[in-house]
Structures are given as C-alpha cells and as structure tokens.
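Accompanying notes for the structure given below.
Just so we're on the same page: letters track the sequence lines, and every chain starts at 1.
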Protein chains: 2
Amino acid sequence: MHQNEHSFDPHPTASAITDSRGSYDERLNHILTAATAAMARLGYAKASMREVAKAAGVSLAGLYHYFDSKERMLFLIQFRAFGSLLNNLREKLCGVDDPQDQLRVMVREHLAYFAANMGALKVCSHELDSLTGSAYDETRDIRYEYYGVTRRIIDRLLDARGGMAHTDRHVATMALFGTLNWLYRWYDPRRGPSVSTVANQIADQFLQGLLGVPASENESTQETVP
Amino acid sequence: MHQNEHSFDPHPTASAITDSRGSYDERLNHILTAATAAMARLGYAKASMREVAKAAGVSLAGLYHYFDSKERMLFLIQFRAFGSLLNNLREKLCGVDDPQDQLRVMVREHLAYFAANMGALKVCSHELDSLTGSAYDETRDIRYEYYGVTRRIIDRLLDARGGMAHTDRHVATMALFGTLNWLYRWYDPRRGPSVSTVANQIADQFLQGLLGVPASENESTQETVP
DNA sequence: ATAAATCGAGCGAACGTTCGTTCGTCTATA
DNA sequence: TATAGACGAACGAACGTTCGCTCGATTTAT
C-alpha cells in the first residue's frame with residue numbers, strides 16, 4: 001500500500017516513475033493544494049471532504065485513496081509547511097554569525113514563506129489544535145524546534161549586548177511569534193507594502209525594542225532573496 | 001418576546017426585576033459563560049449546542065429560549081467582550097495625556113482583561129470569521145474602533161518624537177495587535193510571569209522599538225489596577 | 001503471442017452519526 | 001386562567017467514512 005510517507009520535498013525532480021498525465025505524487029500534491037485553499041478559506045472544521053473533492057476535481061471516495069482520513073490531510077498540510085519552513089530557515093542561517101543578522105534572516109524568511117504560501121501558513125497558524133494524538137505531537141515537535149532556533153537567536157542577542165535589564169526571553173520570543181503568526185489576519189503581500197519592507201520594519205522594531213539600539217542601516221535596504 | 005438586546009453590562013446591579021433564584025439576565029449570562037468556555041476549548045464549529053446545554057445545566061431545547069441560533073450566541077459573546085474591552089479602554093484613557101502613558105495603559109488594560117476573561121478573548125481572537133452578515137459587520141465595527149484608538153496613540157507617538165524614519169504605522173499597529181492577540185496561545189497568567197510584568201515588557205519593547213528610547217523607569221514598576 | 005490474473009485508480013451510493021433547529025407539551029407562577 | 005420557562009422527542013440536512021464495483025494498464029502463465 002502507498003499511504004503517503006510525509007517527506008517534505010527532498011528534491012522536487014525525479015519523484016516518481018510514471019508520468020504522462022499526473023503521477024501519484026503530483027495528484028496528491030494537487031489535492032493537497034486544493035485542500036489547503038479550502039481549509040484556509042473555511043477553516044478545518046467547516047471545509048468538508050465534499051468541498052475538497054469538488055475543488056480538486058475528484059470524487060468524494062477518490063480522496064480516500066490518498067488520505068485515510070480528513071485529519072491526516074490536515075496533518076500533511078501542516079507537517080510539510082512547518083517542515084519546509086524550518087528546513088529553509090536552517091539553510092538560510094548557515095554562515096550567518098551575527099545574531100542581529102540571524103534575526104533579520106529569520107523574519108525575512110518567515111515573511112517570504114508566508115507570501116509564497118499564504119494558505120498553508122494560515123492553516124498552520126489557525127488550526128494548531130485541530131490535530132489529535134500522535135499527529136498533534138509530531139507537528140508540535142517541529143513547532144518547538146522552530147521556536148528553539150528563534151529562541152537561541154534571542155538568547156545570543158541578549159547575551160552579547162546587555163539589552164534591557166529584566167527581559168523575559170520567552171515573553172520576548174512569543175511577542176515576535178505573535179506578530180508573525182498574526183500576519184495572515186491582515187497582511188496581503190499583493191496589496192500592502194512589499195514583503196521586504198514589512199520584514200525590515202518588524203525586524204527593526206523588534207531588535208530596537210529588545211536591545212535599544214537603532215537599526216543597522218546596511219541591512220535595512222537589502223533585498224529578500226538573491 | 002424577550003430576544004436579548006445586546007447591551008454590554010451598563011451597570012451590573014439592578015439589571016432585572018425578578019430574582020430569588022436566577023433572573024432572565026442572570027440565566028442568560030450563566031449560559032453565555034458556559035458557551036464561552038466550551039467554544040474556547042473546542043472552537044466554535046465543534047462546540048455543539050448539546051455540549052453547551054450540558055455544561056450550562058439546561059436542556060438542548062431550553063437554549064433556544066435565550067438565543068435564536070448558535071451564531072447569535074457567538075455574536076453575543078464577541079459583542080460583549082469587544083464592547084467592554086473598548087469601553088474600559090476609553091474609560092481608563094481619560095485624563096492620560098502623554099502618548100507613551102496612553103500606550104502603556106492600552107497594553108496593561110488589554111492584558112488585565114485577557115487575564116480576567118481568557119475564554120472570551122480566545123473566542124474573540126480565534127473566531128473572527130465565524131460570524132456572517134450583519135452580525136459580522138457589527139463586531140467588525142467595534143474591532144475597528146478598538147484599532148482606531150490604538151492607531152491614534154501610535155500616530156501621536158510618532159508625531160511627537162521623530163521615531164524611526166520610515167515607519168508604516170499600520171504595520172506597527174498590527175505588529176502590536178499580533179503580539180496581544182496571540183497571547184491566548186501561550187500565556188497563562190496563573191502559571192507564567194505576572195500580568196503586569198508581561199504588560200510592562202510588551203509595552204517597553206514596543207515603545208523602544210518604535211521610538212528608540214529606553215523605557216521610562218517610573219512606569220515600569222507600576223501596579224495594574226488600584 | 002495470447003489469455004488470465006493482478007493491481008492501482010477512481011467512482012456512485014449508501015452507511016451510521018451528529019448537527020442545529022423546531023414542535024408540542026408540561027409545569028409553576030402571577 | 002394565562003403566560004413564561006423548560007423539556008423530551010423528533011426533524012431534515014450534512015458530515016466523515018466505507019462498501020462494492022468498474023475500468024485500464026501491467027504482469028504473469030501458458
């Protein structure tokens with residue numbers, strides 16, 4: 001039996017044997033994309049399997065060849081999104097040593113991923129408690145790793161320079177995550193200011209709020225990605 | 001017919017004529033409290049009327065003497081919470097002229113209300129899109145007023161002192177709301193640092209991030225409420 | 001080479017359950 | 001006696017899921 005092993009896109013090329021019109025993985029991704037859009041629009045509970053099937057262009061029963069349950073569908077969406085978010089962050093953090101630069105990279109990459117996958121990140125932010133059992137545990141573990149990477153940057157920031165005296169580092173980290181995870185409620189990259197503008201402002205405000213130093217000007221105008 | 005007029009607690013005393021064991025308003029508030037808890041725990045869609053009835057100690061059909069629909073129940077929860085949040089803020093802002101003090105008051109009062117009504121604020125933050133039609137419009141209007149009060153404080157902050165050069169004020173406001181509205185995901189006032197500690201840190205970080213000046217020490221250790 | 005068997009993919013139809021809501025009735029109070 | 005409050009029972013609709021089947025392509029056996 002197939003029963004999707006959830007690897008988050010090791011390499012997009014050469015993923016399947018068959019082709020011509022839609023391999024197994026391609027069809028799975030297609031359905032997952034439709035499901036993500038439906039769940040982002042209606043929420044997990046109200047996005048029915050019938051809606052997803054209609055949007056994906058398959059029958060209701062056909063869905064169950066790819067996912068043994070609705071919850072597993074949500075799990076795959078969250079697992080892949082969180083996974084690639086975390087992998088991408090670790091990758092982009094390689095070779096960056098200054099904690100201030102690291103935090104700017106974190107904010108910039110988070111917003112870049114948000115802009116490229118708004119639906120998926122909305123589902124990730126809004127449906128954190130919709131999974132149960134081991135599926136919940138697995139996504140929680142990834143989220144905690146993502147938190148840990150960010151938290152360690154903040155630790156280094158406050159250890160290096162004194163910063164404010166009595167700063168609870170958990171509160172500081174969650175304040176930043178609050179700003180980032182709330183983006184899906186109001187920010188539309190196609191309408192508002194550019195992704196890099198918002199990313200720079202959020203990073204500047206956070207760094208200045210944490211350390212009390214003005215934003216370094218050399219980073220503020222840097223583009224998002226080469 | 002009664003059909004609840006939604007006034008958000010003009011004065012808690014002398015609200016009804018009858019008493020002895022539960023007036024109409026008292027029973028309505030009792031049910032609303034149970035509904036708030038259930039919706040905070042399970043989410044609006046998964047919190048069934050049967051669950052609410054059981055938690056409130058009334059029959060399923062008995063609920064419909066107080067609310068003509070499930071959606072109206074959610075509306076009343078949100079309308080009252082947003083309404084008292086806004087009214088309380090405006091009240092506490094009276095006589096406070098310095099914009100920095102105003103922002104500290106806003107953050108402090110928001111956290112105080114959060115600590116006192118965690119379930120209601122969770123429902124308000126998490127179920128923003130669960131209302132439809134005029135019910136949605138009405139809560140959106142209140143939310144926009146709440147935004148406006150905060151936004152005007154931030155405008156005054158940036159107009160008075162220069163602050164950073166290119167600050168998008170909408171982005172700055174939503175960054176703060178993100179931090180505040182995300183609280184329900186991680187902060188438990190009974191376990192973590194005190195409400196005033198968290199409020200002071202959030203306000204300090206935000207003010208310093210916006211204006212680039214260290215936090216004024218006289219306000220940082222002030223208690224939450226007399 | 002051809003027939004038989006196997007398999008993946010997909011579908012219509014239905015299953016049992018749960019949902020929000022309504023109806024008719026009972027009861028206590030005024 | 002009239003009325004507000006509360007209830008059990010039931011309604012139709014929608015839900016996630018499963019069942020039995022079909023249709024091609026691929027593999028195996030003859």
Next on the checklist: Considering every strand and a 4.0 Å limit on heavy-atom distances, what is the contact class for B:S48: base, sugar-phosphate, or nothing?
Outcome noted: sugar-phosphate

Checklist entry - What nucleic acid atoms does B:A53 come within less than 4.0 Å of, heavy atoms only: base, sugar-phosphate, or nothing? => result nothing

Closest to side chain of [X], choosing from [options]:
{"X": "A:A61", "options": "D:dG8, D:dC19, C:dC19", "result": "D:dC19"}
{"X": "B:L60", "options": "D:dA10, D:dC7, D:dT18", "result": "D:dA10"}
{"X": "B:S59", "options": "D:dC7, C:dT21, C:dG10", "result": "D:dC7"}

Send over the distance from [X] [atom1] to [N] [atom2], rounded to a whole Å.
{"X": "B:M49", "N": "C:dT21", "atom1": "CE", "atom2": "P", "answer": "6 Å"}
{"X": "A:E71", "N": "D:dC15", "atom1": "CD", "atom2": "C1'", "answer": "15 Å"}
{"X": "B:H30", "N": "D:dA6", "atom1": "NE2", "atom2": "C1'", "answer": "14 Å"}
{"X": "A:H65", "N": "D:dG16", "atom1": "NE2", "atom2": "C1'", "answer": "16 Å"}
{"X": "A:Y24", "N": "C:dA9", "atom1": "OH", "atom2": "C1'", "answer": "11 Å"}
{"X": "A:Y66", "N": "D:dT17", "atom1": "OH", "atom2": "P", "answer": "18 Å"}
{"X": "A:F67", "N": "D:dG16", "atom1": "CZ", "atom2": "C1'", "answer": "15 Å"}
{"X": "A:K70", "N": "D:dT18", "atom1": "NZ", "atom2": "C1'", "answer": "17 Å"}

Item to check | Donor-acceptor contact present, side-chain B:Q205 to main-chain A:T167, <3.5 Å | outcome: no

Item to check | Check: A:A40 main-chain N/O paired with A:K122 side-chain donor or acceptor under 3.5 Å | outcome: yes

Checklist entry - So among A:R156, A:K92, A:R152, which one has a side-chain hydrogen bond (donor to acceptor under 3.5 Å, both in side chains) with A:Q102? => result A:R156

Checklist outcome for this item: Taking for B:G57 and for A:Y44 the nucleotide of DNA chain D with the nearest heavy atom, the one nearer the 5' end belongs to B:G57

Checklist entry - To the nearest 0.5 Å, what is the distance between OH (B:Y44) and CD (B:E127)? => result 8.5 Å

Checklist entry - Using the benzene-type ring in the case of Trp, are the ring centres of A:Y147 and A:H170 under 6.0 Å apart? => result yes

Next on the checklist: Quick check: any donor-acceptor pair below 3.5 Å linking the side-chain of B:R27 to the base of D:dG5?
Outcome noted: no

